[in-house]
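First comes the structure, then the notes that go with it.
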Amino acid sequence: MRLTFYGHSCFAVEAGGKKILFDPFISGNPLAAHINIEKIEADYLLLSHGHQDHILDAESIAKRTGAKVISNYEIVMWFAAKGISNYHPMNIGGMLKQDFGQIYYVNAVHSSGLPDGSYGGNPGGFVIRAEQKFYFAGDTALTLDMQLVAEHHQLDFAVLPIGDNFTMGVDDAIRCCELINCNRIVGVHYNTFPYIAIDVEEAKNKFRDAGKELFLPAIGETIEL
Ligand code: NI
Ligand code: MN
């Protein structure tokens with residue numbers, strides 16, 4: 001499966017011939033200044049939670065591409081009120097079948113307020129089942145709920161936050177690998193802001209010493225997983 005990283009927690013995968021974009025935060029990320037948002041294609045736009053650093057460019061991308069916006073009910077309705085008509089609300093524990101495969105919206109331990117102070121429901125992550133199966137944790141603490149992901153899904157890879165402070169850091173992301181029974185990790189949500197600055201070499205060493213693969217694609221880079 002091809003995965004393109006757009007910085008922070010934003011990435012896209014291609015599944016079943018469709019492009020699925022997650023948590024777009026590009027125009028507000030100086031590290032992603034070289035990314036041309038207008039060129040990003042999307043058939044589906046999946047939003048883990050309501051924080052600005054996960055939804056900033058969702059409205060413009062959804063309106064330009066017509067991508068279907070999928071998130072929790074409160075977030076989806078917030079975008080519907082902005083004139084987005086292609087959407088599908090979910091909530092934690094739910095599964096949604098689409099043409100490329102299945103989407104599961106799973107628990108995250110975090111918060112989810114929308115930028116204007118609106119209630120953003122509960123934060124979540126996603127499991128996608130298509131040619132490959134993967135887990136995008138969203139913003140979350142390490143939580144035993146992750147064991148349920150491993151019970152239900154044999155993951156090929158996972159996209160996990162590693163920046164600490166607001167989410168799991170490197171050590172908890174490595175513990176998460178055990179809970180989800182998956183050792184191929186794409187690290188996200190680090191180094192965008194001073195609060196989530198990490199020592200990248202140390203992170204790589206810790207994952208290697210734990211026998212896990214850590215992928216840290218450059219912003220704009222596409223990797224094959
Ligand atoms: Ni957040
Ligand atoms: Mn965040």
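First listed ligand is number 1; within each ligand, the first listed atom is number 1.
Contact annotation: Asp53 places no N, O or S atom under 2.8 Å from the Ni ion (ligand 1). Within the 2.8 Å limit, His54 places no N, O or S atom next to the Ni ion (ligand 1). Put simply, His8 stays out of reach of the Mn ion (ligand 2), with no N, O or S atom under 2.8 Å from it.
A 4.5 Å side-chain heavy-atom check between Val186 and Phe11 finds every atom pair outside the cut-off.
Classification of the Phe136-Phe126 ring pair by plane angle, with boundaries at 30° and 60°, yields parallel.
A donor-acceptor contact closer than 3.5 angstrom is absent between the side chains of Lys18 and Gln98. With 3.5 Å as the limit, one finds no donor-acceptor pair spanning the side chains of His88 and Ser71.
Distances from the Mn ion (ligand 2) to each N, O or S atom of Asp53 single out OD2 as the nearest. The N, O or S atom of His189 lying closest to the Mn ion (ligand 2) is NE2. Shortest distance from the Mn ion (ligand 2) to Asp139 is reached at OD2 (N/O/S atoms only).
If you put the vertex on the Ni ion (ligand 1), NE2 of His110 and NE2 of His49 sit 100° apart, to the nearest 10°. Rounded to 10°, the angle formed at the Ni ion (ligand 1) by OD2 of Asp139 and ND1 of His51 is 180°.
No option in Ile185, Ile223, Asn191, Val200 other than Val200 meets the side-chain contact (heavy atoms from CB on, under 4.5 Å) test with Leu216. Checking Arg175, Lys206, Lys204 one by one against Val170, the side-chain contact (heavy atoms from CB on, under 4.5 Å) holds for a single residue, Lys206.
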